[in-house]
2 protein chains.
Amino acid sequence: MYGFNVVSLDQKGRLAIPAKYRNTLLENNETQIVITKDPQYPSLKIYPKSQWIKISSKLESLQGLDPIVRNLQWTILGNASVTEFDPGGRMLILIPIELRKYADLVDQKQISLIGMGNKFEIWNVNNWEMRQTGGSLAAEILDVVLPESIKSMSF
Amino acid sequence: MYGFNVVSLDQKGRLAIPAKYRNTLLENNETQIVITKDPQYPSLKIYPKSQWIKISSKLESLQGLDPIVRNLQWTILGNASVTEFDPGGRMLILIPIELRKYADLVDQKQISLIGMGNKFEIWNVNNWEMRQTGGSLAAEILDVVLPESIKSMSF
DNA sequence: ACAGAATCCGGCTTATAGACCAACTCACTT
DNA sequence: AAGTGAGTTGGTCTATAAGCCGGATTCTGT
């Protein structure tokens, strides 16, 4: 489940998961997906249920009073919305208005859906393109900014 | 039990748990919920009974003279209020006046109900919106402030 | 102690959001 | 060129939120 797609929202604000992803999900018995805010960028994240359980349970287990943690919990848990495949095997996701505002999707007909393997991201088409315009990251920047644990990886 | 909802208080100040949550609660035999103060923010917390038992017993077990701990105990334990589903299977919560004052809900018709998985939060709509700064957290802030256990998480 | 008032609780009704279903069009394949 | 499958649309219908109302119970003040 990788790749970049432009998909459309219909007049009711519904989004159809492309068939290639849908089939993979069904094959893995992933009949529910969760959509929520990305805490870092004005975009949305879509997780298959099993992936969501990992993330949400970890977040919920953090009990402390750290305001940043609570903020993360609000953003991610407090905005999650669950959708199931309908009996016909189709999946039309109604993106809640709050999330549409957050990701700048109000009145958008076309949106970007990016497959990231075990999750998807949803972006306003323009915002996504702006993110990408940088082209490739200069080697120097990569060298300076990346944490050690990443530097050692080979891509 | 995740997500953001604006629900209304009826003329008597009663709050109805939305059906989607109610059903999940009933399926898990959670017929009682507990509402109490959030010690950190002017908001309220709603726990299913089983979750409440974990939290309250942990709090009760804290002995000693630490004034912070005693304060937490007063706030959380001393303001708890139990509500049951009525025979018709619906749950109307009458929020005690003390709690309504605390969360700035007096004379409010609309309130924010945020599902956080194993608990809910109740906010004055305006206060909630102010908290949600509208934007996303800057990547740099996330990186600097987050505890190690979170930094390593992938969202 | 009793009456009036205020608060609390359950049932009923209505407007509506959203889930469900079906059809149509377009594109791709054979 | 025809058929199949995917994407998209629109209509319908059901579940539910929310307001309303009437009855019950508790509280208060005289």
Are the side chain of A:E98 and the backbone N or O of B:N5 linked by a donor-acceptor pair below 3.5 Å? no

Decide, yes or no, whether a salt bridge links [X] with [Y] under the criterion of side-chain N to carboxylate O below 4.0 Å.
X: B:R14; Y: B:D10; value: yes
X: A:D38; Y: A:K119; value: no
X: B:K49; Y: B:E30; value: no

If the cut-off is 4.0 Å, is A:S8 near the phosphate of D:dG7, judged by side-chain N/O to OP1 or OP2? no

Could you tell me whether the phosphate oxygens of D:dT9, OP1 or OP2, come under 4.0 Å of any side-chain nitrogen or oxygen in A:Q11? no

Can you check the [X] [atom1] to [N] [atom2] distance for me, whole Å?
X: B:I95; N: C:dT7; atom1: CD1; atom2: P; value: 16 Å
X: B:K20; N: D:dT14; atom1: NZ; atom2: P; value: 22 Å
X: A:D10; N: C:dG18; atom1: CG; atom2: P; value: 13 Å
X: A:L9; N: D:dT9; atom1: CG; atom2: P; value: 10 Å
X: B:I97; N: C:dT7; atom1: CD1; atom2: P; value: 10 Å
X: A:I93; N: C:dA19; atom1: CD1; atom2: P; value: 11 Å
X: A:N5; N: D:dA6; atom1: CG; atom2: C1'; value: 14 Å
X: B:L26; N: D:dA15; atom1: CG; atom2: C1'; value: 16 Å

Mapping A:K12 and B:L92 to their closest nucleotides on DNA chain C, which lands nearer the 5' end? B:L92

If you assign B:L94 and A:R90 each to the DNA chain C nucleotide with the nearest heavy atom, which residue ends up on the more 5' nucleotide? B:L94

Ring centre gap for B:Y47 and B:F120 strictly below 6.0 Å: no

Check: B:W123 ring centroid to B:F4 ring centroid under 6.0 Å: no

Could you check B:I17 against A:I17 and say which one's nearest nucleotide on DNA chain D is further toward the 5' end? A:I17

A:Y102 six-ring centre to A:K37 NZ/CZ under 6.0 Å and within 45° of normal: yes

Can you pull every protein N or O that's under 3.5 Å from an N or O on nucleotides 2-4 of chain D?
none

Indicate, yes or no, whether a donor-acceptor pair under 3.5 Å links the base of C:dG10 to the side chain of B:R14. yes

Mind checking if B:A16 touches a base, just sugar-phosphate, or nothing, with heavy atoms under 4.0 Å? nothing

